[in-house]
2 protein chains.
Amino acid sequence: MPHTALERRRARLQQPHCQTCSLASLCLPLALQLEDLDQFDAIIRRRAPLKKGEMLFRQGDAFTSVFAVRSGSLKQVTSVGGEEQLTNFYLPSELVGLDGIDESSYPGSMVALETTTVCEIPFDRLNSLAEDLPELRLQLYRSMSKEMRDDRRMIRLLSRKTADERLASFLTGLSERFRRRGYSAYSFRLSMSRADIGNHLGLAVETVSRILGRFQSQGLVAVSGREVNILDLDTLAQLAEGEGCI
Amino acid sequence: MPHTALERRRARLQQPHCQTCSLASLCLPLALQLEDLDQFDAIIRRRAPLKKGEMLFRQGDAFTSVFAVRSGSLKQVTSVGGEEQLTNFYLPSELVGLDGIDESSYPGSMVALETTTVCEIPFDRLNSLAEDLPELRLQLYRSMSKEMRDDRRMIRLLSRKTADERLASFLTGLSERFRRRGYSAYSFRLSMSRADIGNHLGLAVETVSRILGRFQSQGLVAVSGREVNILDLDTLAQLAEGEGCI
DNA sequence: CGACGTCTTGAAACTAATCAAATCCTGTGG
DNA sequence: CCACAGGATTTGATTAGTTTCAAGACGTCG
């Protein structure tokens, strides 16, 4: 327990708050006024960081909260009949757990891909706050709607795209998400293994590896382990949209 | 304009209302009390039935409303770069248009597969009503959450299942949806073409046709044109879950 | 330094797509 | 009511893209 004013201030500064969070403009409180932000911030529970491989929640756990990613990254893994399906990756500012509302349990486990911190937002409190704050309610709808859109994009990818197009999509998608979060769109580190990528894109590990190799020999990217440099984003984006044959 | 009391009453009875709708227990007003139901009913706009092939809305149209299917069925078609992707089919009591909230435009066209009637629910009015009716708000979250879950199931289907498993999944899924709506789980008519099914499942038309034929010769179903009789739901369900090889 | 997990590469096998053509419906007009 | 046109569906043969199996290279963490 801090005793002096200085110590209290220091503790307060260390304790993260939406008001000082660099992701606030991308996150759920996006549309809130400063005075509403305080209310929102008050319901957030901070969590100890998750280590690589640790789970935020397990498939089937009772749904109690949604979570905003602060740093690091997560994968959602749904296990059905022994097989595991990786349905999504989540980066900072993204909201996870929303698909648990319907059946009041989480439909998949959420696993940290690296050291990861999250803000926990108890859903009942979020819901009552949403009653009073129309902007928050709308933003919550938007988050869900956006996730539905992303899922549809994924469905299109899986049902129509070739392996090359899938990998190109994956890389350009990540690039865009990093860019929007203020990181380089051209140079980043993959926090997930080739196996994770393959699982997510519906491809065998070997195929992922081969195609990444091919992209490299075509001068589209430079890959070294998990470090990625995108050399020709335009061509990659064309490929991703199935315009490789024009 | 009706003149007599009798005519007015007749008109009122013909005009559909949530209070008398047989789908109310599956639809958005699911959780509402009778007095709240009136409020909800008041914001609904009835629509002239759509004929087969007509569109409820087009891809890119401004998002204004969500719609509940009353009778018939719809398909959602997203067109990207000339190619069309059929992302979902919708049956009575299901809610369509929710994925338009995020970018305030519909991400795909909604096309009637047969003569179809819908209830239009203007979103701004739904949203303000949801402010006052916690049950409605929760049901709205649930609808979206459920759609996310369904999309994830679809992702799993496309990324891990063989053509046989996909068809089996499709048939058992339809069967279950019909059952829950009070229709036969074993005998129904497909409102969509083989091409639609193929597009939805990420398969070529020929593959759909072939596998349906194979299922028939295996005694799993009896198919005649678009009429389907499910003869062995258990085996079909096992197949759908990838347990065909046990 | 060595062991284990991750990643890459090669060859063979298989699934489903594509191409091609016949047959079956469905709605329409004579 | 029947014939016909056009689309929808089925069936067959071939081909292409990915997976699977197998094995070796790389990296990294004790």
Side-chain angles (χ1 to χ4, degrees), chain A residues 51-53 75 83-86 111 113-115 156-171 189-218 221-228 239 242 244-245, chain B residues 51-53 75 83-86 111 113-115 157-171 189-218 220-228 239 242 244-245:
Chain A
K51 286 198 280 277
K52 180 174 176 174
K75 63 177 175 183
E83 273 184 301
E84 297 215 318
Q85 167 70 33
L86 200 168
V111 184
L113 291 168
E114 57 197 313
T115 302
R156 200 172 72 81
L157 178 143
L158 291 169
S159 115
R160 308 217 90 70
K161 293 190 184 179
T162 65
D164 291 45
E165 289 162 3
R166 292 181 199 192
L167 251 305
S169 251
F170 178 70
L171 291 174
R189 180 168 209 295
L190 302 171
S191 58
M192 66 294 285
S193 69
R194 302 286 192 271
D196 284 338
I197 299 175
N199 187 324
H200 183 229
L201 298 178
L203 299 171
V205 196
E206 296 92 328
T207 307
V208 174
S209 182
R210 263 186 264 273
I211 291 175
L212 244 30
R214 180 136 38 84
F215 282 177
Q216 176 141 247
S217 71
Q218 290 170 342
V221 295
V223 186
S224 169
R226 296 191 173 184
E227 290 298 332
V228 173
L239 232 180
C245 49
Chain B
K51 287 199 279 275
K52 181 174 172 171
K75 62 177 175 183
E83 273 184 302
E84 298 214 318
Q85 167 71 31
L86 200 166
V111 183
L113 291 167
E114 57 197 312
T115 301
L157 178 144
L158 290 169
S159 111
R160 307 218 92 67
K161 293 190 184 180
T162 66
D164 290 44
E165 290 163 3
R166 292 182 198 190
L167 252 304
S169 247
F170 178 69
L171 290 174
R189 184 182 164 66
L190 302 171
S191 59
M192 67 294 286
S193 69
R194 303 284 191 274
D196 284 338
I197 298 174
N199 187 324
H200 183 228
L201 299 179
L203 299 171
V205 196
E206 296 92 326
T207 307
V208 174
S209 183
R210 263 187 263 272
I211 291 175
L212 245 29
R214 179 137 39 84
F215 282 178
Q216 176 141 247
S217 70
Q218 291 170 342
L220 300 177
V221 294
V223 186
S224 168
R226 295 190 175 184
E227 290 299 331
V228 174
L239 232 180
C245 48

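No hydrogens, no waters, no symmetry mates; every other heavy atom, side chains included, goes into these values. On a predicted model such as this, the values are computed, not experimentally measured, just so you know. Note on naming: letters A, B, ... go to the chains in the order of the sequence lines (proteins, then strands), and numbering restarts at 1 for each one.
One atom, CG of A:N199, and another, P of C:dC7, lie 13 Å apart when rounded to the nearest Å. What separates CD of A:Q216 from C1' of C:dC7 is a distance of 13 Å, to the nearest Å. Atom P of nucleotide C:dA16 and atom CG of B:L158 are separated by 13 Å, given to the nearest angstrom. Counting to the nearest Å, the P atom of C:dT23 and the CZ atom of B:R194 are 19 Å from each other. Rounded to an integer number of Å, the gap from B:E114 CD to C:dG27 P is 13 Å.
Heavy-atom contacts of chain A under 4.0 Å fall on DNA chain D between two terminal nucleotides, which in 5' to 3' order are D:dT18 to D:dC21.
For the residue pair B:A163 and B:I211, the shortest heavy atom distance occurs at CB-CD1, 3.3 Å. Counting all heavy atoms, side chain and backbone alike, A:R194 lies closest to A:V205 at CB-CG1, 3.9 Å. Nearest heavy-atom pair, A:L86 versus A:H200, reported as atom, atom and distance to 0.1 Å: O-CD2, 3.4 Å. Shown here for B:M192 and B:I197, the closest heavy-atom pair between the two residues is CG-CG1, 3.6 Å. The minimum heavy-atom distance between A:R166 and A:G202, with the atom names listed, is NH1-O, 3.4 Å. A pairwise comparison of heavy atoms in A:S191 and A:R226 identifies O-NH1, 3.5 Å as the closest pair.
A donor-acceptor pair shorter than 3.5 Å can be found between the side chains of A:S169 and A:K161.
Interatomic distance, A:Q85 CD to B:L158 CG, rounded to the nearest 0.5 Å: 9.5 Å. A distance of 9.0 Å separates CG in A:L203 from OG1 in A:T162, rounded to the nearest 0.5 Å. In this structure, A:K52 NZ and A:T115 OG1 are separated by 9.0 Å, a value rounded to the nearest 0.5 Å.
Of the listed residues (A:L171, A:L167, A:L212), just one forms a side chain to side chain contact (heavy atoms under 4.5 Å, CB included) with A:V221, and that residue is A:L171.
In the helix from C:dC1-D:dG30 to C:dG30-D:dC1, the rotation axis of the first five pairs and that of the last five pairs differ in direction by 40°, rounded to 10 degrees.
For DNA chain D, the residues of residues 202-214 of chain B within the heavy-atom distance limit of 4.0 Å (strictly under) are B:E206, B:S209, B:R210, sorted by number.
Side-chain N/O atoms of A:R226 include one lying less than 4.0 angstrom from OP1 or OP2 on C:dC7.
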